[in-house]
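Scroll down for the structure; my scribbles are underneath it.
Residues: numbered from 1 along the sequence shown. Values in this document were obtained by computation on a predicted structure and should not be read as measured data.
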Amino acid sequence: MKVAVHRKRGDIDQLHVLKTYSQIEAAEWAGAWLSIYGRDGRGVNTKGYLWHVFSAGRYPCLSGAPAVDRYMAQAGTQFVVLPNDRNHAVLTDQLPDAEAVWSDYYVFPPNLSWTMALTHEAGWLGPYFAQHPDHARLDEENLRQVQKAKEIEAARSKGWLS
């Protein structure tokens with residue numbers, strides 16, 4: 001399935017959706033996200049916007065262009081896209097463009113080794129890029145998955161797999 005993501009510039013990009021999460025599953029993803037990135041969110045309105053943990057300085061992150069640069073350098077085979085409303089989420093095999101908007105949303109691999117928070121306040125507040133406290137180990141998992149996917153694709157191209 002493909003889902004349209006509207007960009008700020010008005011054009012449309014298509015994401016390949018591997019799975020659509022229910023409202024309950026989206027809330028579980030938000031809870032998992034908050035358990036890592038929102039641990040020190042006391043006094044921060046995360047009910048309004050999860051990314052307030054970053055704008056309030058409660059979790060170390062990059063902001064603005066450096067955040068986008070780090071985000072675009074991420075490798076992985078699957079990414080969760082969680083809109084701030086937490087009513088749904090999708091799993092895709094494509095890193096969404098940092099310019100795409102669902103007003104406010106978060107992108108992260110299923111192991112939450114990093115997150116990108118794209119905000120409606122981009123340029124003033126955000127976007128934000130942050131890493132899990134155990135990022136090095138978790139990112140190794142992501143890179144192993146990328147390598148395995150490359151090996152499978154190479155085998156397919158040689159006709160070894162159908």
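Between the side chains of Tyr105 and Asn84, no donor-acceptor pair of N or O atoms lies under 3.5 Å. Between Gln23 and Asn87, the side chains place a donor N or O and an acceptor N or O closer than 3.5 Å (distance only, hydrogens not considered). A side-chain donor from one of Ser113 and Asn142 sits under 3.5 Å from a side-chain acceptor of the other.
The six-membered or imidazole ring of Trp29 lies near that of Phe108, with a centre-to-centre distance under 6.0 Å.
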Q | Stepwise side-chain contact (heavy atoms from CB on, under 4.5 Å) check, Trp51 with Tyr106 | A | CA-CA 9 Å; Trp51 57 262; Tyr106 311 86; 3.1 Å; yes
(Q) Before you tell me yes or no, could you show the steps for Gln74 and Asp139 under side-chain contact (heavy atoms from CB on, under 4.5 Å), namely the whole-Å CA-CA distance, both residues' side-chain angles and the distance that decides it to 0.1 Å? (A) CA-CA 9 Å; Gln74 297 308 300; Asp139 202 45; 4.3 Å; yes
(Q) Please evaluate residues Leu118 and Val107 with respect to the criterion side-chain contact (heavy atoms from CB on, under 4.5 Å), reporting the C-alpha separation (whole Å), side-chain torsions for both, the decisive distance (0.1 Å), and the verdict. (A) CA-CA 8 Å; Leu118 293 123; Val107 179; 4.3 Å; yes
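Arg70 contributes no side-chain N or O that, together with a main-chain N or O of Pro66, makes up a donor-acceptor pair within less than 3.5 Å. Of the possible polar contacts, none joining the Thr46 side chain to the Tyr49 backbone as a donor-acceptor pair under 3.5 Å is found. Of the possible donor and acceptor atoms, none in the side chain of Asp93 sits under 3.5 Å from a partner among the backbone N and O of Gln78. For the pair Tyr59 (side chain) and Ile36 (backbone), a donor-acceptor distance under 3.5 Å is absent. Under the 3.5 Å distance criterion, the side-chain polar atoms of Ser55 are left unmatched by any main-chain donor or acceptor of Leu125.
When each of Leu91, Thr92, Val17 is paired with Val81, the side-chain contact (heavy atoms from CB on, under 4.5 Å) condition holds for Thr92 and for no other.
Criterion: ILVMFWY side-chain heavy atoms under 4.5 Å apart, direct or through other members. Under it, Leu112 and Leu18 are part of a common hydrophobic cluster.
The ring-ring contact (aromatic ring centres under 6.0 Å, His included) pairs that include a residue from residues 121-147 are Phe54-Tyr128, Trp114-Phe129, where partners are two or more places apart or lie in different chains.
The two residues Tyr71 and Met116 come nearest to each other via the heavy atoms CD1-CB, 3.4 Å. The two residues Pro60 and Ala130 make their nearest non-hydrogen contact at O-CB, 3.6 Å. When every heavy atom of Pro83 is checked against every heavy atom of Ala89, the shortest pair comes out as CD-CA, 4.2 Å. In terms of heavy atoms, Arg86 sits closest to Ala30 at CD-CB, 3.5 Å.
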Just distance, no hydrogens or angles: give the donor-acceptor pairs under 3.5 Å from side chains in residues 143-152, sequence neighbours left out.
residue : atom : partner : partner atom : Å
Gln147  : NE2  : Glu151  : OE2          : 3.3

